[in-house]
Number of protein chains: 2
Amino acid sequence: MAESTRERILDAALRAYGTEGFAVTSLDALATELGIRKQTILYYFPSKQAIFEAVVDRAASDLVKVFEEQAARGVGGLDQVEAIVKRVFRLAVRRPQLLGLIREVTRPGSLSIDRLSAHTAPIFDRARDFLQREMDAGRMRASDPEMLLLSLYSTVVGVATELEVQRAMGISDSLRGAVARRQELIRFLRAALEPV
Amino acid sequence: MAESTRERILDAALRAYGTEGFAVTSLDALATELGIRKQTILYYFPSKQAIFEAVVDRAASDLVKVFEEQAARGVGGLDQVEAIVKRVFRLAVRRPQLLGLIREVTRPGSLSIDRLSAHTAPIFDRARDFLQREMDAGRMRASDPEMLLLSLYSTVVGVATELEVQRAMGISDSLRGAVARRQELIRFLRAALEPV
DNA sequence: ACGATCCTCTACCAATTGGTAGAGAGGAGT
DNA sequence: ACTCCTCTCTACCAATTGGTAGAGGATCGT
C-alpha cells in the first residue's frame, strides 16, 4: 500500500483537529472518515491525546522545516521577512490544517503547547537573533526584537488564517484574495520595519 | 438578589466559553460552578447553543459599545488608532474572556459567526471609512483600507490574546508585560501607518 | 505444517453528554 | 382558601464518548 494505516490516521487527524478542532472530533468520526473501526485507531495509538501529540509533532517538524529551509538561504533584511511571509502564505493555501492546528494548540486550555514550543523554540530564538542582527546593522528599524517578533507572528498568522473574520468583513477567501492579502501584508510589514 | 440567575448563567458561560471553549464546557460543569442544577440552566435557555448565542449577543454589544465610545470622541489620524488599541488592551486585561470568546466564535466550525458579524459589521464599515478618510487627508499612509483593517485586527487581537504563544516565547504575561506589549505594538503600528 | 507477529475486527462497558417530564416550593392576586 | 405563575428541583433517557478484551485472519520465517 502507498500509505500505511498509521500515516492515514495521522493525516485525517491533522485535517480534523486543524479545522474542526480536537475536542469536537471523536475517534468514531475519524474512523468513519477512514473507513475503518475506532479500535483500529486505538491499536496504533494508546489514547486520543496520544494521536493529538503525534499530529503536533509531525506538524511542528513540517513547520520547522519550512523556516529552516528559508533561513539556510541566508537572505537578509526585509527581503528575508518577505520571503518568510510568502512561505507561510503558501503553507496557508496548500495546507491550511497545519496553521489551523497551531491555533488549536495555542488555545488557552491546550495540553500540548509545551510539545509544540519544544520544536519551535530554536526557530524563535533564531528569528529573534536575526531581527537583533538586522537592527544592529541598520537594515531594520530598531525596537525590542522579542515584542516585534510577537507582533509579526500575530499579524502574519492572523491574516493567513482568520478566514471566517475575512468572510465576515466581506473579503474574498479565494486564491486571488489570498494573494492580495499577502501583498498588502508585505507592504504593511515593510512600512513598519523599514529603517528610518 | 443583586444578580438574577439568568445573568449569573450568562456570566459563567462567557467565562467558560471564552477561556476553555464552547465544545468542552458541559452544562453540568457550568451548573456545578454556579451551585445549581443543569435543569435550571435549561429552564432559562432552550438549549446549549442558545446559551452560546445569548453570550455572543451580550459580548458583541459590549464590544461595540467600546468602539462607539471611542468613535464618538472624534479623534483623528494615528491618535485614534492608538486610542483604540489602548481600549482593546484594557479590555484584554480586564475581561480577557471577551476577546477569548471572539476567537471562539471566529473558529472555522462556529455556527454563530454570522450572529457576531451582524453586530460588528457597522463598526467594521465605520472603521473602513475612517481609514479611507484619513488616507485621503494624508494623515495616514495610503493603501487598501479593507486589507489594512484586516492586518490591524489580526495584529491587535493577536498581541492582546495570544498569551500561550507569548508564554512559549518567554514573554511575561503580567500586567507590566501587557503594558510593554501594548507600547511596542503602538510603535509598530505607528511606523506602519505613518504617512510618507 | 507450524507458531509468531501483525493487523483489523466484533462485542462490550462505564461515564458523560444534551435534553425531557414533571413534581413541588414559594409568592402574588383574587 | 384559591389558583396562577415563577422558579428550582429529582428522576430519567437515548445517544455518544474514550477505552478494554479478545477473537480471527493474514503473512511471515522455520
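In what follows, chains are A, B, ... by sequence order, proteins preceding strands, each numbered from 1.
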Next item on the list: Would you mind telling me which of C:dT8, D:dC7, D:dT10 lies closest to the side-chain atoms of A:Thr40?
Entry: C:dT8
Next item on the list: Ignoring the backbone of B:Gln39, work out which of D:dG19, C:dG18, D:dA11 is nearest its side chain.
Entry: D:dA11
Check: Which dot-bracket notation, 5' to 3', represents the base pairing of DNA chain D when pairs are defined as Watson-Crick or G-U with both distances under 3.5 Å, crossing pairs as [ ], and inter-strand pairs as |?
Finding: |.||||||||||||||||||||||||||.|
Note to self: Give me each pair satisfying salt bridge (charged side-chain N to carboxylate O under 4.0 Å, His left out) with a member in residues 168-183 of chain B, each pair once, sequence neighbours excluded.
What the structure shows: none
Next item on the list: Determine, step by step, whether B:Leu27 and B:Ile51 satisfy the side chain to side chain contact (heavy atoms under 4.5 Å, CB included) criterion, reporting the C-alpha distance in whole Å, the side-chain angles of both residues, the deciding distance to 0.1 Å, and the verdict.
Entry: CA-CA 10 Å; B:Leu27 294 180; B:Ile51 306 175; 3.6 Å; yes
Next item on the list: Tell me, please, which residues at least two apart from A:Val24 pass side chain to side chain contact (heavy atoms under 4.5 Å, CB included).
Entry: A:Glu20, B:Ala23
Notebook entry, point to check: If you check every side-chain atom of A:Ile36, which of D:dT17, C:dC9, C:dG19 has the closest atom?
Noted result: C:dC9
Item checked: Residue whose nearest DNA chain D nucleotide is more 5′ - A:Leu27 or B:Arg37 -> B:Arg37
Note to self: Without decimals, in angstroms, what is the distance between B:Lys48 NZ and C:dT20 C1'?
What the structure shows: 18 Å
Notebook entry, point to check: What nucleotide, of D:dC9, C:dT8, C:dT20, holds the atom closest to the side chain of B:Leu42?
Noted result: C:dT20
Notebook entry, point to check: Do NZ/NE/NH1/NH2 and the carboxylate oxygens of A:Lys65 and A:Glu68 come within less than 4.0 Å?
Noted result: no
Checklist line | Distance in angstrom units between B:Ile9 CD1 and D:dT8 C1', rounded | finding: 11 Å
Margin query: Could you tell me how far apart B:Tyr44 (OH) and D:dC9 (C1') are, to the nearest whole angstrom?
Written below: 12 Å
Next item on the list: On the 0 to 90° scale, with breaks at 30° and 60°, tag the A:Tyr17-A:Phe22 ring pair as parallel, tilted or perpendicular.
Entry: perpendicular
Next item on the list: Would you indicate which nucleotide in C:dT8, D:dT6, C:dG18 comes nearest to any side-chain atom of A:Thr5?
Entry: C:dT8
Item checked: Nucleotide C:dT8, atom P - distance to CZ of A:Arg6 in whole Å -> 12 Å
Next item on the list: Would you kindly give the CG-to-P distance between A:Asp28 and C:dT17, to the nearest whole Å?
Entry: 17 Å
Next item on the list: Check every atom of D:dT10, D:dT8, C:dA11 against the side chain of B:Tyr43 and return the nucleotide holding the closest atom.
Entry: D:dT8
Next item on the list: Starting from P on C:dC7, measure out to CZ on A:Arg8 and report it in whole angstrom.
Entry: 14 Å
Check: Run the side chain to side chain contact (heavy atoms under 4.5 Å, CB included) check on B:Val156 and B:Ile84 step by step: do they pass?
Finding: CA-CA 10 Å; B:Val156 176; B:Ile84 286 178; over 6 Å; no
Notebook entry, point to check: Can you check the B:Phe52 CZ to C:dG18 C1' distance for me, whole Å?
Noted result: 16 Å
Margin query: From C-beta outward on B:Ser26, which listed nucleotide comes closest to its side chain: C:dT17, D:dT8, D:dG18?
Written below: C:dT17
Check: Thinking salt bridges, do B:Asp11 and B:Arg8 make one under a 4.0 Å N-O criterion?
Finding: no
Notebook entry, point to check: Atom CD1 of B:Ile41 to atom P of C:dT17: distance rounded to whole Å?
Noted result: 12 Å
Check: Does B:Lys38 get its side chain close enough to the base of C:dG18, under 3.5 Å, for a donor-acceptor pair?
Finding: yes
